[in-house]
Amino acid sequence: MPWKGEKDAYRIWLSEIILQQTRVGQGLDYYNRFITHYPSIADLAAAPDDAVMKLWEGLGYYSRCRNLMATARYIVAHHNGQFPDNYEDIISLKGVGPYTAAAIASFGFNRPHAVVDGNVYRVLSRVFGIDTPTDSTEGKKQFAELAQQLLDPKIPGEYNQAIMDFGATVCKPQSPLCGNCIFHDICVARKQNLIDQLPVKTKKLSIRARYFNYFLIQKGGKMLIRQRREKDIWQDLYEFPLLESDAVAIGKKPAAFLEKELGMRKNSFQITQTSSCFIRQLTHQTIKAVFFHVQLDETATVPHLGFSWVSQDELKKLAFPRLLRDYLEREVGIKSK
DNA sequence: AAACCGGGGTG
DNA sequence: CACCCAGGTTT
C-alpha cells in the first residue's frame, strides 16, 4: 500500500478519504490515479469539477469527492496550500470526521490521537468483551475513550497502524485467527465463545426498491443527458432523461413522459427498443432499471431546460453511475476508457 | 438518534 | 443472501 509510512499529509488525507467504507483493493487504483493526475493539493484544487468526479467515477459515496474538492480549494485559499497540522483544524475540514482526523494527525504529524474504525471496534469489543453497540452514541464514546487510553502517545502513528492491521489480518470479521492470536489467553470474547457475537450493531438497514426508466435519445451522433442535482443518490453525476415509477411495468407512460416532461411533439418519435430489467444493488436501495431507446424523426423538437446534447467523446469525460456506465458499454457499445 | 449516502468482496 | 469495508453528513 503506497500510503503506508507516507508522511505527506496531502497523500495521507487523499488515501483516507478514498478508503472510507472502501476496501484497500478497491481504492488502490483510484489513489494512484489521483496522485498521478494531481500530485499536489494545488493541482487538485485547480481541477474542474467534472474532471475530478470523472476520476472518482465508480467508487461510490460521491459526497466524498465533492468534499475532497471543497477542502483542497479551502486549504489553498485559507492555509496557503499547507495542510493543517493539528487535530482540531483537521477535523473541521469537510469530509473529515473523528477517524480521518486521527489518522492524518497521527500519521502525518505524530499527534497522539487514537483512530477508531471498523477494525478497532472489532478488536476492542472482542478482547475486552464489550457488547455496547458500536453504532450507538454511547458505544462510539465508550470505544473512543478506551482506544485513546490504550494509545501509546510516544508512537501514535505506529500504534494506530498496528491495531488496524491486526484487525484486518488476525481479528477478522469472519473466521478470525484466534489460534495464532497474541491475545488468545486474555480475549474475553474467545474465552466466553462470543467471537461471532461481537462487535454488536443494532441498526438494521432497510432496503427500498426503486424503478428507473431511462430514455436513450440520440440525434446526429449525440445523446441527451442531464446532471443529477437533487439531494438523492448519485448527486452531481450525469444520467439520461429519467422517469421514476412505482413498479417495473409502466405501460403507456413512456410516450406520455416524453411528451409532457420533455415537451416532445406527439408522433415525432418512436421507441425502437426496450431493454430487459437491469438490477443494481446499492447498500440501501435496489435500483431496477429499464432503458428505452428513442428514435426521432425530422420534425422532432427536443428540450429544453436542464438537458444537453453531448457527443460520445464529451460523454466519456463525464461521470455516470456504474449502472449507466455498464449499460452504455454492454448494450450501446460506448466504452468509457 | 436516525436516516442517508455506492460499489464491491466474501462466505 | 447477509455482512462488511481505514465513515461522514444531514435531518
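Just so it is clear: chains get the letters A, B, ... in the order the sequence lines come, proteins before strands, and each one is counted from 1. Computed from a predicted model, the values in this text were never measured in an experiment.
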Looking only at the side chain of [X] (C-beta and beyond, no hydrogens), which of the listed nucleotides [options] gets closest?
X: A:Gln20; options: B:dG6, C:dC5, C:dG8; value: C:dG8
X: A:Gln26; options: C:dT11, C:dA6, B:dG8; value: B:dG8
X: A:Asp165; options: C:dC4, C:dT11, C:dA6; value: C:dA6
X: A:Pro173; options: B:dG7, C:dC4, C:dT11; value: C:dC4
X: A:Asp117; options: C:dG7, C:dG8, B:dG8; value: C:dG7

So, is [X] near the phosphate of [N], with a side-chain N or O under 4.0 Å from OP1 or OP2?
X: A:Lys140; N: C:dG7; value: no
X: A:Arg322; N: B:dG8; value: yes
X: A:Trp3; N: C:dA6; value: no
X: A:Arg280; N: B:dG8; value: yes
X: A:Gln21; N: C:dG8; value: no
X: A:Arg64; N: B:dG6; value: no
X: A:Tyr62; N: B:dG7; value: yes

Inset, instruction - Return the orientation label for the A:Phe34 and A:Trp56 ring planes: parallel under 30°, perpendicular over 60°, tilted otherwise. - result: perpendicular
Inset, instruction - Compare the aromatic ring of A:His284 with the six-membered base ring of B:dC4 and state whether they stack according to the 5.5 Å and 30° rule. - result: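 One would not call A:His284 stacked on the B:dC4 base.
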Under 4.0 angstrom, heavy atoms only, what part of the nucleic acid is [X] near: base, sugar-phosphate, or nothing?
X: A:Gly27; result: nothing
X: A:Gln285; result: sugar-phosphate
X: A:Glu138; result: nothing
X: A:Thr22; result: base

Legend entry - Length of the OH-C1' vector between A:Tyr99 and C:dA6, whole Å: 3 Å
Inset, instruction - Determine the minimum heavy-atom distance between A:Tyr30 and A:Gln26, stating which atoms define it. - result: CD1-O, 3.3 Å
Inset, instruction - Can you establish whether the number of heavy atoms outside A:Lys141 located under 6.0 Å from its atom NZ is more than 12? - result: no
Legend entry - Cluster link A:Phe83 to A:Tyr87, ILVMFWY, side chain under 4.5 Å: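 The answer is no; the residues belong to distinct hydrophobic clusters.
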Inset, instruction - Look at the side chain of A:Thr100 and the base of C:dG7, then say whether one donor and one acceptor between them are separated by less than 3.5 Å. - result: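 Between C:dG7 and A:Thr100, which were checked side chain against base, a qualifying N/O pair under 3.5 Å is absent.
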Legend entry - Under 3.5 Å: donor-acceptor pair, side chain of A:Lys7, backbone of A:Phe107: yes
